[in-house]
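Please read these numbers as outputs of a predicted model, since none were measured by experiment.
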Amino acid sequence: MSNNRPPAIGRYIDPLVDFAFKKIFGSEPNKDLLIAFLNEVFRGRKHIVDLVYNKNEHHGDLKDEGAAIFDLLCTGDNGEQFLIEVQRGRQGNFKERALFYTSRLISDQAPKGRRSEWAYNLTEVYLVALLEDFTLQISDGKEYLHDICLCNRETGEIFYDKLGYIYLELNKFVKADTELDTDLDKWLYVLKNMSKMDKIPMYLRKPIFEKLFSIAEYTNLTKEEKTMYDSSMKYKWDNKNVLDYAIKEGIEKGKLEGKLEEAKEIALEMKKDGLPFEQISKFTKLTIKEIKKL
């Protein structure tokens, strides 16, 4: 396994680690940051004026049913709900998990009684997921923003627009600082690169980004916050080392399997030509037992 040490702590914290993301975006004094970010994510389709933070844990209806735990859960000024997730590595059934979480938020809207008066008047539910180290593999293109809703498969016409999933694939966002055309570009660039910066660039000299950089300055953290952040960074780095090791092992295994298949093909041809098994074994490094099975 890799013996690499975590990178040195820079001037600014990494907003994509668990502690930092919640400190920057998950507290009442900083909700203007989350509002500004979400308004750019929705690109004019919605304009959020205010947010209320909700508990980020929702329990199921059944006693034995596990709780759904979100990174951030907020309610907008029109009652719409926003579930914001940072996903740092590939998870099994990731899309299904997103559907389950949003379905829980929808089902929780049902009142315990007098449903006929409620008449299934659902409020909007959106999941916004920042994917750091993996892609959804839903296209071969370079698109890094996927805005998903229910639509007619044949015509593409939107069938229901009050349930949506927005996935931002950060490893596909490769724009340089000179290519940032929109404020959304600037947000994504900052999320990916702020921990490597030593000052706020001139092109980010707007009040909302100046506040972001001030909150994210490592020296502005309390002693307890620094300990929490350092622990989050160590956890992230350890996970990266485990993933890098697994990928390397997978590549090596693939190479060995490829060489084995190549040896078997050569041995089969030599066997067809009637060459002695001992000679085939010496040439291909296969055992005589393996050669006989071919």
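A donor-acceptor pair under 3.5 Å is absent between the side-chain atoms of D14 and the main chain of A20, judged by distance alone. Between the side chain of D50 and the main chain of D77, no donor-acceptor pair closer than 3.5 Å is present. With N152 contributing its side chain and T155 its backbone, the two residues share a donor-acceptor pair below 3.5 Å. Formation of a donor-acceptor pair under 3.5 Å by the E224 side chain with backbone atoms of T222 is not found in this model. The main-chain N or O of T123 is found under 3.5 Å from a side-chain atom of Q109 such that the two form a donor-acceptor pair. The backbone N or O of D71 sits less than 3.5 Å from a side-chain atom of E85, completing a donor-acceptor pair.
Using a 4.5 Å heavy-atom threshold, the side chains of Y165 and L99 count as touching. For the pair P15 and V190, the minimum side-chain heavy-atom distance is 4.5 Å or more. Here the side chains of E210 and R205 are in contact, with some heavy-atom distance below 4.5 Å. Side-chain contact between L168 and F173 is absent, with no heavy atoms from C-beta onward closer than 4.5 Å. Residues L105 and L73 are in side-chain contact: their nearest non-hydrogen atoms beyond the backbone lie under 4.5 Å apart. In this structure, the side chains of L51 and L38 come closer than 4.5 Å at one or more pairs of heavy atoms. Looking only at side-chain heavy atoms (C-beta outward), F82 and I48 come within less than 4.5 Å of each other. By the 4.5 Å heavy-atom criterion applied to side chains, L188 and L170 are counted as neighbours.
Using a 4.0 Å cut-off between charged side-chain N and carboxylate O, R45 and D161 make no salt bridge. The pair K22-D18 counts as a salt bridge, with a side-chain nitrogen and a carboxylate oxygen less than 4.0 angstrom apart.
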| message | Applying side chain to side chain contact (heavy atoms under 4.5 Å, CB included) to E80 and K46, what does each step give before you reach the verdict? | response | CA-CA 11 Å; E80 66 273 63; K46 289 191 65 62; 3.1 Å; yes
| said: If you apply the rule salt bridge (Lys or Arg N to Asp or Glu O under 4.0 Å), what do you find for E28 with K31, and how did you get there? | reply: CA-CA 5 Å; E28 188 70 23; K31 68 180 179 181; 2.8 Å; yes
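Under the ring-ring contact (aromatic ring centres under 6.0 Å, His included) rule, F37 has a single partner from F209, F21, W187, which is W187.
Going from atom CG of D108 over to atom CD of Q81 covers 8.0 Å, rounded to the nearest 0.5 Å. Rounded to the nearest 0.5 Å, atoms NE2 (H47) and CD1 (I35) are 9.0 Å apart. Note: E217 CD to I200 CD1 = 10.5 Å, rounded to the nearest 0.5 Å. Here CG of L130 is found 6.0 Å from CG of L191. Values are rounded to the nearest 0.5 Å.
Residues I84 and L145 are members of one and the same hydrophobic cluster, defined by side-chain heavy-atom contacts under 4.5 angstrom among Ile, Leu, Val, Met, Phe, Trp and Tyr. Hydrophobic clustering (ILVMFWY, side-chain heavy atoms < 4.5 Å, transitive): V125 and F159 are in one cluster. With hydrophobic clusters built from ILVMFWY side chains whose heavy atoms lie under 4.5 angstrom apart, Y53 does not share a cluster with V49. Both Y160 and Y101 sit in one connected hydrophobic cluster of ILVMFWY residues. Membership requires side-chain heavy atoms under 4.5 Å apart, directly or through other members. Grouping the Ile, Leu, Val, Met, Phe, Trp and Tyr side chains by contacts below 4.5 angstrom, directly or via other members, places V174 apart from M194.
No side-chain N or O of E40 forms a donor-acceptor pair with one of T182 less than 3.5 Å apart. Donor-acceptor pairing under 3.5 Å is lacking for the side chains of Y12 and N193.
For E157, the CD atom counts as loosely surrounded, since its 6.0 Å shell holds 12 or fewer non-hydrogen atoms of other residues, nucleotides or ligands. Annotation for M197: atom CE counts as buried by contact number, over 12 foreign heavy atoms lying within 6.0 Å.
Listed here is the closest heavy atom pair of I158 and C149: CG1-SG, 3.9 Å. Minimum interatomic distance between F213 and K199 (heavy atoms only, all atoms of both residues): CE2-O, 4.2 Å. Nearest heavy atom pair, residue I24 against residue L33, reads O-CD1, 3.5 Å. Between A176 and Y189 the shortest heavy-atom distance is C-CE1, 4.1 Å. The two residues L294 and A267 have their closest heavy-atom pair at CD1-CB, 3.7 Å. When every heavy atom of E169 is checked against every heavy atom of E143, the shortest pair comes out as OE1-O, 3.4 Å.
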